[in-house]
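One structure below.
Predicted model only: the values in this text are computed from it and were never measured. For the numbers below, each heavy atom of this structure counts, side chains included, while hydrogens, waters and symmetry mates do not.
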Amino acid sequence: TWKKGGLALFITNTQHIGNHMRACPNASLDSGTCQVACVDGTRAEVLRQLSLIKNGAHHSLSELKEAKKVTLRLPNHTGLFNLDGEIFVHHHDTIEMTVLEQPFSMYVPTKQRFEALLGKKK
């Protein structure tokens with residue numbers, strides 16, 4: 001459970017967000033966990049952290065945690081929440097996220113089948 005505030009809170013199981021910004025530079029899809037990064041501090045500290053987020057160099061200035069489940073307790077029942085680039089209005093004071101192990105299977109065709117699907121001929 002995250003128990004303090006922050007200007008920005010990133011929760012991800014991949015290194016990159018947005019336009020290749022490395023919000024959680026040590027995150028990995030196959031770790032079974034997500035990384036949580038908090039950008040907070042004085043105005044100067046926040047500006048410095050945000051300027052370094054593109055290449056992940058902010059991680060030495062930000063607080064990073066690793067978790068299988070993240071619970072956010074929000075100060076208001078209604079507010080904005082950005083999930084994977086989509087803006088949602090939340091109507092709760094708690095948001096919970098859990099990393100699922102092997103939530104889906106993926107089919108990957110052979111090279112020949114892929115080319116056939118695209119209509120390419122040898």
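One distance of note links CZ of Arg22 with CG of Leu52; it measures 12.5 Å at 0.5 Å rounding. Atom CG of Leu50 sits about 9.0 Å away from atom CE of Met21, to the nearest 0.5 Å. The OG atom of Ser31 lies 8.0 Å from the NZ atom of Lys68; values are rounded to the nearest 0.5 Å.
For Ala37 against Ala23, the heavy-atom pair with the smallest separation is CB-O, 3.7 Å.
In this structure the side chain of Phe114 never reaches within 4.5 angstrom of the side chain of Val108, judged on heavy atoms. Put simply, the side chain of Thr71 reaches to within 4.5 Å of the side chain of Thr94, judged on heavy atoms. Between Val99 and Lys69 there is no side-chain heavy-atom pair separated by less than 4.5 Å. Using a 4.5 Å cut-off on side-chain heavy atoms (C-beta onward), Cys34 and Val70 make contact. For the pair Gln35/Asn26, a side-chain contact is recorded, criterion being any heavy-atom separation below 4.5 Å from C-beta on. A heavy-atom distance below 4.5 Å is found between the side chains of Arg113 and Thr110.
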Next item on the list: In sequence, state the C-alpha distance, the side-chain angles, and the governing distance for Ile11 and Met97, and then conclude on side chain to side chain contact (heavy atoms under 4.5 Å, CB included).
Entry: CA-CA 9 Å; Ile11 304 168; Met97 290 166 266; 3.4 Å; yes
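Both Ile95 and Phe88 sit in one connected hydrophobic cluster of ILVMFWY residues. Membership requires side-chain heavy atoms under 4.5 Å apart, directly or through other members.
Taking Thr42 as the reference, Ala44, Glu45 meet the side chain to side chain contact (heavy atoms under 4.5 Å, CB included) condition, with sequence neighbours excluded. Residues satisfying the side chain to side chain donor-acceptor pair (under 3.5 Å) test with Thr14, not counting sequence neighbours, are Thr12. For Glu86, there are no salt bridge (charged side-chain N to carboxylate O under 4.0 Å, His left out) partners at least two apart in sequence or on another chain.
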